Amino acid sequence: VQLQASGGGLVQAGDSLRLSCAASGRTFSTYAKGWFRQAPGKEREFVAAISWRGGTTWYSDSVKGRFTISRDNAKDTVILQMNSLKPEDTAVYYCAASRPGISRLPNEYGYWGQGTLVTVSS
């Protein structure tokens with residue numbers, strides 16, 4: 001396993017969760033990193049991304065203002081802080097690393113974690 005996502009769980013609407021993605025076996029500290037999610041019966045969608053230095057961040061419109069992506073290159077981790085969660089945020093969340101750079105496109109990411117389930121009840 002090269003990327004390991006953790007932190008998912010069952011929460012109520014309005015609660016917060018903090019997802020973490022750690023690298024193992026190799027370093028991704030100079031790769032852009034992103035979070036994607038996939039709800040049952042839906043395609044995988046972009047959530048947030050951060051450039052390798054951390055100076056640029058992108059968010060989907062559906063999470064902007066509620067989620068924050070950050071990274072710690074010394075620990076080779078990327079964090080997704082999720083606040084004001086809504087039932088429509090329910091999905092499996094995947095972290096990914098992109099060598100070419102920050103992107104909203106899943107196919108720009110060559111390395112993926114196994115996913116962590118987030119369930120938000122109303």
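Because only heavy atoms are used, hydrogens play no part in the values below, and waters and symmetry mates are left out as well, while side chains stay in. Values in this document were obtained by computation on a predicted structure and should not be read as measured data.
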Review point. When hydrophobic residues are tied together by side-chain contacts of less than 4.5 Å, even through go-betweens, does V11 share a cluster with L117?
Key: no
Review point. Centroid-to-centroid, F46 to F36, below 6.0 Å?
Key: yes
Exercise for review: Among residues two or more places apart or on two chains, list those pairs meeting salt bridge (charged side-chain N to carboxylate O under 4.0 Å, His left out) that have a residue in residues 80-105.
Suggested key: R37-D89, R66-D89
Review point. Under the 6.0 Å and 45° cation-pi test, does R44 pair with W112?
Key: yes
Point to revise | For the student: nearest non-hydrogen atoms of R71 and K33, plus distance | key: NH2-CE, 3.6 Å
Check your understanding: Do S84 side-chain atoms and G14 backbone N/O form a donor-acceptor pair below 3.5 Å?
Key -> no
Study note, to complete from the structure: Sorted by chain and residue number, the side-chain hydrogen bond (donor to acceptor under 3.5 Å, both in side chains) partners of T56 (sequence neighbours excluded) come out as none
Review point. Under a 4.5 Å cut-off applied to non-hydrogen side-chain atoms, are V118 and L19 in contact?
Key: yes
Review point. Can you name the closest pair of heavy atoms from S16 and N83 and give their distance?
Key: OG-OD1, 2.9 Å
Practice item. Evaluate the side-chain contact (heavy atoms from CB on, under 4.5 Å) criterion for residues L85 and L17: first the C-alpha distance (whole Å), next the side-chain angles of each, then the deciding distance (0.1 Å), finally the verdict. Key: CA-CA 8 Å; L85 283 161; L17 271 178; 4.0 Å; yes
Review point. Do the side chains of W52 and L3 join up, straight or via other hydrophobic residues, at under 4.5 Å, putting them in one cluster?
Key: no
**Study point:** Pairing residues for S29 by the side chain to side chain contact (heavy atoms under 4.5 Å, CB included) criterion, not counting sequence neighbours
**Key:** T27, N73, D76
Review point. Partners of K64 by salt bridge (Lys or Arg N to Asp or Glu O under 4.0 Å), sequence neighbours excluded?
Key: D61
Exercise for review: Check for a donor-acceptor pair, side chain of S51 on one end and backbone N or O of G55 on the other, with a separation under 3.5 Å.
Suggested key: yes
**Study point:** Co-membership, hydrophobic cluster, residues I50 and Y94, 4.5 Å side-chain
**Key:** no
Point to revise | Smallest separation among heavy atoms of A49 and S103, with atom names | key: CB-O, 3.8 Å
Check your understanding: With the 4.5 Å side-chain cut-off for hydrophobic clustering, are V47 and V78 part of the same group?
Key -> yes
**Study point:** ring-ring contact (aromatic ring centres under 6.0 Å, His included) contacts touching residues 5-30 (sequence neighbours left out)
**Key:** F28-Y31, F28-Y111
**Study point:** Considering all heavy atoms, the nearest S122-P87 contact
**Key:** CB-CG, 3.8 Å
Practice item. Search all heavy atoms of A48 against all heavy atoms of L80 and return the closest pair with its distance. Key: CB-CD1, 4.1 Å
Review point. Just how far is it from atom NZ of K75 to atom OG of S20, taken to the nearest 0.5 Å?
Key: 9.0 Å
Review point. Is there a donor-acceptor contact under 3.5 Å linking the side chains of T77 and D72?
Key: no
Check your understanding: Please, which pairs that meet ring-ring contact (aromatic ring centres under 6.0 Å, His included) have at least one residue in residues 54-93, sequence neighbours excluded?
Key -> none
Practice item. Taking the side chain as every heavy atom from C-beta outward, state whether V92 and T116 have any pair of such atoms under 4.5 Å apart. Key: no
Point to revise | C95 versus A5, closest heavy-atom pair with distance | key: SG-CB, 4.0 Å
**Study point:** Shared hydrophobic cluster, M82 / I79 (ILVMFWY, side-chain heavy atoms < 4.5 Å)
**Key:** no
